[in-house]
Amino acid sequence: MTTSTNGKFDRTPLIAGNWKMNMDHVQGITLLQKLAWTLSDARHDYSRTEVAVFPPFTDLRGTQTLVRGDDLKIVYGGQDLSQFDSGAYTGDISGQFLAKLGCSYVLVGHSERRTIHGESDELLNAKVKAAYRHSLVPVLCVGEGLEVRQAGNHVAHTLEQVRADLAGLAADDAARLVIAYEPVWAIGTGEVAGPLDAQEMCAAIRAEIADLYDDATAAGVRLLYGGSVKAANAASILKERDVDGLLVGGASLDAAEFANIVRFEHHLVTD
Ligand SMILES: O=C[C@H](O)COP(=O)(O)O
């Protein structure tokens, strides 16, 4: 388990920015530089809250060069990877290539991959395993659409994704996993799941991991919430017991806004 000096956190909180298909390699460098400067001016302590960005593939080499050159503490990852390691898979990107570019993480099963690209749980299970083959930590994205939520089946649906996507995964790999709960109806819509919705699902996922593995493994897994997160709602979501971080889309494209989300602790009201 990672440890944190943050009051409620047993695990180091992770604030992750998914740039999606925004920011070319020049814009990406400018955004990353602004983010690093803003956090440096604010004396952000990266050992208290980890910061990750997920730029498009074409930005990763520039990201690596900037992070290394300026000795930044921001970590980064790819938005997807192939289930294969190399070969005749036109357009795909191997986890091996991501690792060589210094990526720490990789998103797996973002809802936009599941819906637009029709990625199945079987495929995502293979991608999770491919990530570990290349020492990348998968950020596995799960969550329900609006109809499932309205029918009240959101917990069962999401846990089914968790079970299928992790099938056959070893416990020591599972313990390092990050899972992002992203209700599809709250992504890019301005609709935010309430803190209690986020907590309900994160607690259910943690209990499921404990069932699949054991309590120690479940205690190590970091669970993020994603869906229309802004600086104004970040702290209230992160106050919840089982929520260990955030996966931020739109708001991560604005360095000042994202830095404010990273600095959520300054907005936490202590009870
Ligand atoms: O990966 C991020 C999620 O899809 C959330 O995106 P959003 O913050 O723009 O709603």
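Counting convention: from 1, in listed order, for ligands and their atoms alike. These figures come from a predicted structure and were not determined experimentally.
- Under a 4.0 Å N-O distance rule, the pair Glu50/Arg222 qualifies as a salt bridge.
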Less than 3.5 Å apart, N/O on ligand 1 and N/O on the protein: could you list those pairs with the distances?
from: ligand 1; atom 1: 1 (O); to: Asn18; atom 2: ND2; distance (Å): 3.0
from: ligand 1; atom 1: 1 (O); to: His110; atom 2: NE2; distance (Å): 3.0
from: ligand 1; atom 1: 1 (O); to: Glu182; atom 2: OE2; distance (Å): 3.4
from: ligand 1; atom 1: 4 (O); to: Lys20; atom 2: NZ; distance (Å): 2.7
from: ligand 1; atom 1: 4 (O); to: His110; atom 2: NE2; distance (Å): 2.8
from: ligand 1; atom 1: 6 (O); to: Lys20; atom 2: NZ; distance (Å): 3.3
from: ligand 1; atom 1: 8 (O); to: Ser228; atom 2: N; distance (Å): 3.4
from: ligand 1; atom 1: 8 (O); to: Gly249; atom 2: N; distance (Å): 2.9
from: ligand 1; atom 1: 9 (O); to: Gly250; atom 2: N; distance (Å): 2.8
from: ligand 1; atom 1: 10 (O); to: Gly188; atom 2: N; distance (Å): 2.6
from: ligand 1; atom 1: 10 (O); to: Ser228; atom 2: N; distance (Å): 2.7

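- Under the salt bridge (Lys or Arg N to Asp or Glu O under 4.0 Å) criterion, the residue pairs touching residues 13-38 are Lys20-Glu112, with sequence neighbours excluded.
- The pair Arg68-Asp70 fails the salt-bridge criterion, with no side-chain N (NZ, NE, NH1 or NH2) lying under 4.0 Å from an Asp/Glu carboxylate O.
- In this structure, the side chain to side chain contact (heavy atoms under 4.5 Å, CB included) partners of His25, at least two apart in sequence or on a different chain, are Asp59.
- Residues passing the side chain to side chain contact (heavy atoms under 4.5 Å, CB included) test with Asp172, sequence neighbours excluded: Ala170.
- For Asp80 and Lys127, the salt-bridge test passes: some basic side-chain N is under 4.0 Å from an acidic carboxylate O.
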